[in-house]
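First the proteins, then the strands, lettered A, B, ... as listed; each starts at 1.
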There are 2 protein chains.
Amino acid sequence: MSTVCKAIDLLGWLSEQRAEIGLAEFQRLTGRDKATTYRYLCALEESGLLEQNPDSRAYRMGPAVLRLAHVRETTVPRRAGAEQVLMQLADATSELAHASILQGSTLIPLADHCSTRHSARVVLSEPELPLHATASGLAVLAYADPALVKMAEKKIKRYTDNTTISKKALHEKLQSVRDIGFGVADQSYEEGVYGIGVPLFDPSNAVAGAVAVASVATRINEQKIIAIKQELIAAARLITHSWGGVVPDALDHLWCSSSTSLSSESNSLRESMA
Amino acid sequence: MSTVCKAIDLLGWLSEQRAEIGLAEFQRLTGRDKATTYRYLCALEESGLLEQNPDSRAYRMGPAVLRLAHVRETTVPRRAGAEQVLMQLADATSELAHASILQGSTLIPLADHCSTRHSARVVLSEPELPLHATASGLAVLAYADPALVKMAEKKIKRYTDNTTISKKALHEKLQSVRDIGFGVADQSYEEGVYGIGVPLFDPSNAVAGAVAVASVATRINEQKIIAIKQELIAAARLITHSWGGVVPDALDHLWCSSSTSLSSESNSLRESMA
DNA sequence: ACGTACTGTTTCATTAAATGAACCGATGTT
DNA sequence: AACATCGGTTCATTTAATGAAACAGTACGT
């Protein structure tokens, strides 16, 4: 590992909870020599990535990161971070992969990609994804602020025979999403379409959107679902990462344990990262 | 200069205008060896501070900066970046120094600090600073979106005999602010108070607030004004920097040329930076 | 088909920079 | 007074960064 990486890694110890870290604490955290750590801190401070609290002499995040983040936000649209992941996801699952973004209380399609393998396939042409009826929507609601669930309740509407239309049923559904870590929509939005979705997160650890795979319902089976979930986990990790977010611990554990029980083969996304 | 700094400095070449930079271009920009530059880029990419556009193979800002910026935003309030600068500013000028922050269309006091040297001094206790009547407000308006000026026009109100109350006079006043680089309020808000202010900027290069010095009008004179302006420039640079912003070129040149014509002595803020 | 410019590697001798143990001075605690 | 902890510094040693060169592969235009 290069010196540069070792130094930059110090920044990773700072968080919302741990706003400031002193020299001695950094030393303990990293296990590195004190003088070395000190020089790293000085270098980072010189670059503006860190700054020293003049009172406590501890180090906190510096102003330079604000400029860098602004450049990132204005030059790299969230769409870009999702698109090629979706391509791989669509390829790996041979289905329609799509990502959506939560803007206020509406879930808006951001990008999608369709495998060319099947002649019969799902196409996406909605301006908005209903939160209570789609896999993406359920994935979002399950990890969103309770206020958003309230909003979604008000907009409940029947789309198919399978659509969840009672508040109680919706809450049970959301609890099951939290239990298994996936949102599932078995023809609850469109007849003949089976969707599996997972939430995406932003830097504030809030839900920012979802990524999902929509299949033709007659083509789905248990084995296929397992494979799709596996790919979805990898895709969600990549997109969340590209958006500067982190997968919450609870969900992360859920995903980890499910992937061990799932087949460890044919994860094209994970392979492509190496 | 440490390796760490040299590597991190590469990030500084990326901007809103220059979203992506390739290896060869980085090499030209920095004048460093190609292999070295390449190793830097790899290290930054490994840290997530950079990412490579898979299409163009050029490097762009990475997702990690979003997380870092979020930590900065949530753990270091803007107030913290202003406070000690204000202390020094108040000390150096022996007057009341205050910073304000633009929230929507209202300019709200953020922090202030008062020199203890004089017994007669200005105190600040307003919940809001009128844009058309205060030095801070004029400084903000002069560099703000025209829409904000329109809003300010609607809220024009007389405070003293010196208050600018016509739109035409306000526009002329704003032009003079742009010409000299300072907002001046000679008893236009409060009788007996002479204010000089300059705007502050955020990472998007938009006006984010102002920093100003308010003096007892009878104590002010040409030499004192020169000294205050000098100190204000330094203070505004520091606070803007702490907020992740940059002083716009036009204003920067204005300040540079004025500071050469001003006395180069007794700039306590600049000295304290070294 | 050819030349050119680009990215991305690797090799290797040279050199500059990173390293870590010990130390300093200040502050605070028992 | 003794001791611990903290931020920061020093310096001989060593390790890692450096840069020149060479090479592979790709894309573009003549």
(request) Name the nucleic acid region contacted by Phe26(A), choosing base, sugar-phosphate or nothing; use a 4.0 angstrom heavy-atom cut-off, strictly under. (result) nothing

Taken to the nearest whole Å, CG/Asp33(A) to P/dT10(D) is 16 Å

From CZ of Arg28(A) across to P of dA4(D) the rounded distance in Å is 15 Å

Residue set satisfying side-chain contact (heavy atoms from CB on, under 4.5 Å) with His241(A), at least two apart, ordered chain then number -> Pro63(B)

Exercise. Decide whether Glu16(B) and Thr75(A) meet the rule of one side-chain donor and one side-chain acceptor closer than 3.5 Å.
Key: no

Taken to the nearest whole Å, CG/Asn53(A) to P/dG7(D) is 12 Å

Note: Leu14(B) and Met61(B) closest approach over all heavy atoms is CD1-N, 3.7 Å

Contact list (N/O, under 3.5 angstrom) for nucleotides 8-15 of chain C vs protein:
from, atom 1, to, atom 2, distance (Å)
dG8(C), OP1, Gln52(B), NE2, 2.1
dG8(C), OP2, Gln52(B), NE2, 3.4
dG8(C), OP2, Tyr59(B), OH, 2.8
dG8(C), O6, Lys34(B), NZ, 2.6
dT9(C), OP2, Tyr38(B), OH, 2.1

From the candidates dT18(D), dA17(D), dC6(C), the one with an atom nearest any side-chain atom of Ser2(A) is dA17(D)

To the nearest angstrom, the CZ-P distance between Arg60(A) and dG7(D) comes to 15 Å

By nearest-nucleotide position on DNA chain D, the 5'-leaning member of Ala58(A) and Tyr40(B) is Ala58(A)

Nearest heavy-atom approach of Gly62(A) to Arg72(B) is O-CD, 3.3 Å

- Query: Does Thr3(A) make a side-chain N or O approach to OP1 or OP2 of dA17(D) shorter than 4.0 Å?
  - Reply: yes

With sequence neighbours left out, the residues meeting salt bridge (Lys or Arg N to Asp or Glu O under 4.0 Å) with Asp33(B) are none

Whole-Å distance, Glu25(B) CD to dT7(C) C1', equals 13 Å

Rounded to whole Å, the CG-P distance (Leu50(B) to dT7(C)) equals 14 Å

Using a strict cut-off of less than 4.0 Å between a Lys/Arg side-chain nitrogen and an Asp/Glu carboxylate oxygen, indicate whether Arg57(A) and Glu20(A) qualify as a salt bridge.
no

Closest heavy-atom pair, Leu200(B) versus Ser100(B), reported as atoms and distance to 0.1 Å, is CD1-O, 4.4 Å

Terminal axes of the helix from dA1(C)-dT30(D) to dT30(C)-dA1(D) (5 end pairs apiece), angle rounded to 10 degrees, sit apart by 40°

Residues at least two apart in sequence or cross-chain that pass salt bridge (Lys or Arg N to Asp or Glu O under 4.0 Å) with Glu73(B), listed by chain then number, are none

The residue, Ile21(A) or Lys6(A), whose nearest nucleotide of DNA chain D is more 5′ is Ile21(A)

Taken in chain and number order and not counting sequence neighbours, the residues that satisfy side-chain contact (heavy atoms from CB on, under 4.5 Å) with Cys5(A) are Met1(A), Ser2(A), Ala43(B), Glu46(B), Ser47(B)

